[in-house]
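Data block below; observations after.
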Protein chains: 2
Amino acid sequence: MLKNAEFVDKLRSSGLRPTKQRLKICEVLFNREKTFHFTINDLAKNISNQLNEKISLATVYNTVHAFKDKGYLKEISINSDKSYFDTNITNHHHFFDEDTNQLIDCNNEDIEEVRVKKNITEKKIKSVEVLIKVASDNQNQN
Amino acid sequence: MLKNAEFVDKLRSSGLRPTKQRLKICEVLFNREKTFHFTINDLAKNISNQLNEKISLATVYNTVHAFKDKGYLKEISINSDKSYFDTNITNHHHFFDEDTNQLIDCNNEDIEEVRVKKNITEKKIKSVEVLIKVASDNQNQN
DNA sequence: AGTCTACATTATAATTATTCTAAACTGTTG
DNA sequence: CAACAGTTTAGAATAATTATAATGTAGACT
């Protein structure tokens, strides 16, 4: 349960101005016990519900991307028309339920560490993440 | 190098009518030596370039999704505003170059088999895929 | 073969997701 | 407390995707 002043510091220290829009978004995103996944649209809705003011969708986009660039959020890869974000910024894997479109965090104990034997590229590996898709048996693959 | 008639059979046998739009798309997608990745937009452009006729973008969407449902294409997960598709339908992993936005297929020998110790869900695992993000050293993560 | 019917397919129009950019704001500096 | 130089916001524009009305197609029955 962080206080407003802490968000101000956090933002300032990473070179982002603590505007009122950003602070509201911080509250909605980080004033929680558990990490969670969301869509830009989810977030925009939460904001206009939980707080009375409404923030332009474009601003929500800007802010989420700024937070992502600063490492406060992670973008998640699933086959979808929408981008998902995650407030859990540790390196971790996901289950994705194709029936319900639900995305579930995976404890690192649930999957054995992935061993990359050969890096095809010349570049540095930034992350290695596994996505496990599940569905009821009668569903077709992918 | 499949012939038109073979595409007709393939489509019929999976319950899709071999319309001229679909046959043209088959040609562009499957008349090749190597598998490849593409965006709906890439594909639509290729079609209007390689062939003289133009197919409505919506039809390209419909067809690609139909092919995916039938298992002739796979949708690929990367952080992007667009959906990527793959004509390589085997279960395989990917490197994603964040500098160039290039997606590279990974030989199964390059990564040790991923072992899921515990399926959190009650449902059947449909696929397990790894995405390795790479970038030049100075890039920021994600 | 020709017409009818039921369903599949196409592609325009509508919707939804994302980005561009002009206007508003902030934080210095004189 | 102006004037300037970035930032940030948010309305307007663009891009991606889907819904649906119009069209096409394959049998069934003449």
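Chain letters run A, B, ... following the sequence lines, proteins first and then strands; every chain starts at 1. Remember, predicted model here, so these are calculated numbers, not experimental data.
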Sugar-phosphate only, base, or nothing, as touched by A:Asn41 at under 4.0 Å among non-hydrogen atoms: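 Sugar-phosphate, no base atom in range.
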List in chain and number order the residues that pass salt bridge (Lys or Arg N to Asp or Glu O under 4.0 Å) with [X], two or more places apart in sequence or in another chain; answer none if no residue qualifies.
X       : answer
B:Asp86 : none
B:Lys45 : none
B:Asp97 : A:Lys123

Sidechain-backbone polar pair: A:Thr63 side chain, A:Thr59 backbone, donor-acceptor under 3.5 Å: yes
Atom [atom1] of [X] and atom [atom2] of [N]: how far apart are they, to the nearest Å?
X       : N      : atom1 : atom2 : value
A:Glu53 : D:dA10 : CD    : C1'   : 14 Å
A:Lys70 : D:dT8  : NZ    : C1'   : 14 Å
B:Leu43 : D:dA15 : CG    : P     : 19 Å
A:Ile40 : D:dT9  : CD1   : P     : 14 Å
A:Leu57 : D:dT8  : CG    : P     : 19 Å
A:Tyr61 : D:dA13 : OH    : C1'   : 14 Å

State which residues pass side-chain contact (heavy atoms from CB on, under 4.5 Å) with [X]; sequence neighbours excluded, sorted by chain then number.
X       : answer
A:Asp9  : none
B:Tyr72 : B:Lys10, B:Ser14, B:Phe30, B:Phe67, B:Lys70
A:Thr39 : A:Asn41, A:Asp42, A:Lys82, A:Tyr84

Estimated bend of the helix from C:dA1-D:dT30 to C:dG30-D:dC1 (axis per five terminal pairs, rounded to 10 degrees): 0°
Close approaches to DNA chain D from residues 11-23 of chain A, in residue order (heavy atom, under 4.0 Å):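 DNA chain D contact set from residues 11-23 of chain A: A:Leu16, A:Arg17, A:Thr19, A:Gln21, A:Arg22.
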Contacts table for residues 18-29 of chain B: side-chain donor-acceptor under 3.5 angstrom, sequence neighbours left out:
{"from": "B:Thr19", "atom 1": "OG1", "to": "B:Arg22", "atom 2": "N", "distance (Å)": "3.3"}
{"from": "B:Arg22", "atom 1": "NH1", "to": "B:Arg17", "atom 2": "O", "distance (Å)": "3.0"}

ring-ring contact (aromatic ring centres under 6.0 Å, His included) contacts in which one or both residues fall within residues 43-65 of chain B, not counting sequence neighbours: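 Applying ring-ring contact (aromatic ring centres under 6.0 Å, His included) to every pair that reaches into residues 43-65 of chain B, excluding sequence neighbours, yields B:His65-B:Phe85.
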Opening and closing nucleotides of DNA chain C in contact with chain A, under 4.0 Å to non-hydrogen atoms: C:dA17 to C:dG27
For A:Ile132, the rest of its hydrophobic cluster, which grows through side-chain links under 4.5 angstrom: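 Direct or chained contacts put A:Ile132 with A:Phe95, A:Ile104, A:Ile111, A:Val114, A:Val116, A:Ile120, A:Ile125, A:Val128, A:Val130, A:Val134, B:Phe95, B:Ile104, B:Ile111, B:Val114, B:Val116, B:Ile120, B:Ile125, B:Val128, B:Val130, B:Ile132, B:Val134.
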Side-chain donor-acceptor contact under 3.5 Å, B:His93 with B:Asn107: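 Note: B:His93 and B:Asn107 side chains miss the donor-acceptor criterion.
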